[in-house]
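These notes concern the structure reproduced below.
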Protein chains: 2
Amino acid sequence: MNEERLSAVFAALADPTRRGIVARLATGDATVGELAAPYDVSVQAISKHVKVLEEAGLVSRSRDAQRRPCHLEADVLDLMTGWIERYRRQAEERFQRLDTLLAELQQGQDDTREGAAS
Amino acid sequence: MNEERLSAVFAALADPTRRGIVARLATGDATVGELAAPYDVSVQAISKHVKVLEEAGLVSRSRDAQRRPCHLEADVLDLMTGWIERYRRQAEERFQRLDTLLAELQQGQDDTREGAAS
DNA sequence: ATCTTTCTCAACCTCTTGGTTGAATAAGGT
DNA sequence: ACCTTATTCAACCAAGAGGTTGAGAAAGAT
């Protein structure tokens, strides 16, 4: 279901240039040319990166004369944190249970030792 | 910096099979063989996937006879949520500011209209 | 009408990725 | 010693990613 979307978003953010673009867009909308300025690659390359972000749903675009301002769709980021947090929490809980289990076993061993002493 | 690490982690989770492996490991440690069982690919392929997760720091492994149990390192997930949340929050705040700015402009326009009426 | 700016499309190249199979290694079990 | 189990290494392959350059389209500016 969301699996495909999730793959697209993770893949989009796996590239440092694209993360840079996202970071830039978090401070405000920008055109492709503006986004390209800090990087040592062609505008076409940045245009491709933006397209990837757009297809992942992380970026939307409007029109202003020749320009195509890019806008960060921050909601999509929640999709990721949702996925990540789910498993982080699950692992955490399991860890807690394991921890208390070990504590209980430890307690039981103490009891046994007390019993043996009587 | 952390940039390389971040790229590795995002890239690792961009693959649905690897996300499945992470999801499985969140419920408890498992061997490569066990991880491979649900999938319709060779054990070697899963072994490669685990290696990718390992190099991203998401998985660690110990030894138990021939087996190499895999363990989810949930801490690394925080690295991602940290990055994501940072920019989500930043975008959110900017949105808030823009929103109040628009409200103020609206208010100013109302004032002007009142002034013109007098 | 023509020129300029901004951006995308198309073709191409190289390196990486995810998969395969077959052989090798590691560690027990009999 | 020999066989079995669990995992990895090596070589290979097809497809995709990220880059390039060159040409084309879209929309103003003169």
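Each chain gets a letter, A, B and so on, in the order the sequences are listed, and its residues count up from 1. Every value quoted in this text rests on a predicted model; they were computed, and no experiment measured them.
- For C:dA27, the OP1/OP2 oxygens have a side-chain nitrogen or oxygen of B:R63 closer than 4.0 Å.
- Side-chain N/O atoms of A:R61 include one lying less than 4.0 angstrom from OP1 or OP2 on C:dT8.
- Counting to the nearest Å, the P atom of D:dG16 and the CD atom of A:E55 are 14 Å from each other.
- Between A:F10 atom CZ and D:dG16 atom C1' there is a gap of 20 Å when expressed in whole angstrom units.
- Close to D:dG19, at under 4.0 Å from its OP1 or OP2, lies a side-chain N or O of A:H49.
- Of all nucleotides listed (C:dA26, C:dT8, D:dC9), C:dT8 comes nearest to the side chain of A:V43.
- In the set C:dG18, C:dA27, C:dT8, C:dT8 carries the atom at the smallest distance from any side-chain atom of A:V32.
- Looking at the side chain of B:Q44, the nearest of the listed nucleotides C:dA23, C:dA11, D:dA23 is C:dA23.
- Phosphate proximity of C:dT20 to B:S42: present, with a side-chain N or O under 4.0 Å from OP1 or OP2.
- Atom-to-atom, CG of A:D40 to P of D:dG18 comes out at 17 Å; the value is rounded to the nearest Å.
- When each of C:dA27, C:dG19, D:dG28 is scored by its nearest atom to the side-chain atoms of B:Q66, the top-ranked nucleotide is C:dA27.
- Spacing between atom CZ of B:R68 and atom P of C:dG28 amounts to 13 Å, rounded to whole angstrom units.
- Between B:F10 and B:W83, the ring-plane angle classifies as perpendicular under the 30° and 60° cut-offs.
- For OH of A:Y39, the number of neighbouring non-hydrogen atoms (other residues, nucleotides, ligands) closer than 6.0 Å is greater than 12.
- Between A:R18 and D:dG18 there is a side-chain polar atom (N or O) within less than 4.0 angstrom of OP1 or OP2.
- Side chain of B:D15, nearest nucleotide from D:dT7, C:dG18, D:dG18: C:dG18.
- As a whole-Å value, the separation of A:D64 CG from D:dA27 P is 12 Å.
- Checking D:dG19, C:dT8, C:dT20 against every side-chain atom of A:T17, the shortest atom distance belongs to D:dG19.
- For the residue pair A:T27 and A:R24, a side-chain donor N or O sits within less than 3.5 Å of a side-chain acceptor on the partner.
- Checking B:R19 against A:S7 by side-chain atom types alone, a donor-acceptor pair falls below 3.5 Å.
- Taking the side chain of A:A45 as heavy atoms from C-beta on, and the options D:dC9, C:dT8, D:dT20, the nearest nucleotide is D:dT20.
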For this session: With salt bridge (charged side-chain N to carboxylate O under 4.0 Å, His left out) as the test, would you mind laying out the steps for A:R89 and A:E93 before giving the verdict?
Result: CA-CA 6 Å; A:R89 201 172 308 121; A:E93 280 167 16; 5.5 Å; no
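- The cluster map of Ile, Leu, Val, Met, Phe, Trp and Tyr, joined by side-chain heavy atoms under 4.5 Å apart, puts A:V52 and A:V9 in different clusters.
- Remark: P of C:dG18 and CG of B:L13 are 12 Å apart, rounded to the nearest angstrom.
- Relative to the side chain of A:S47, the nucleotides C:dT20, C:dT8, D:dT20 differ in distance, and C:dT8 lies closest.
- Computed from coordinates, the A:K48 NZ to D:dT20 C1' distance equals 8 Å when rounded to whole Å.
- As rounded to whole Å, 21 Å separates atom P of D:dA6 from atom NZ of B:K51.
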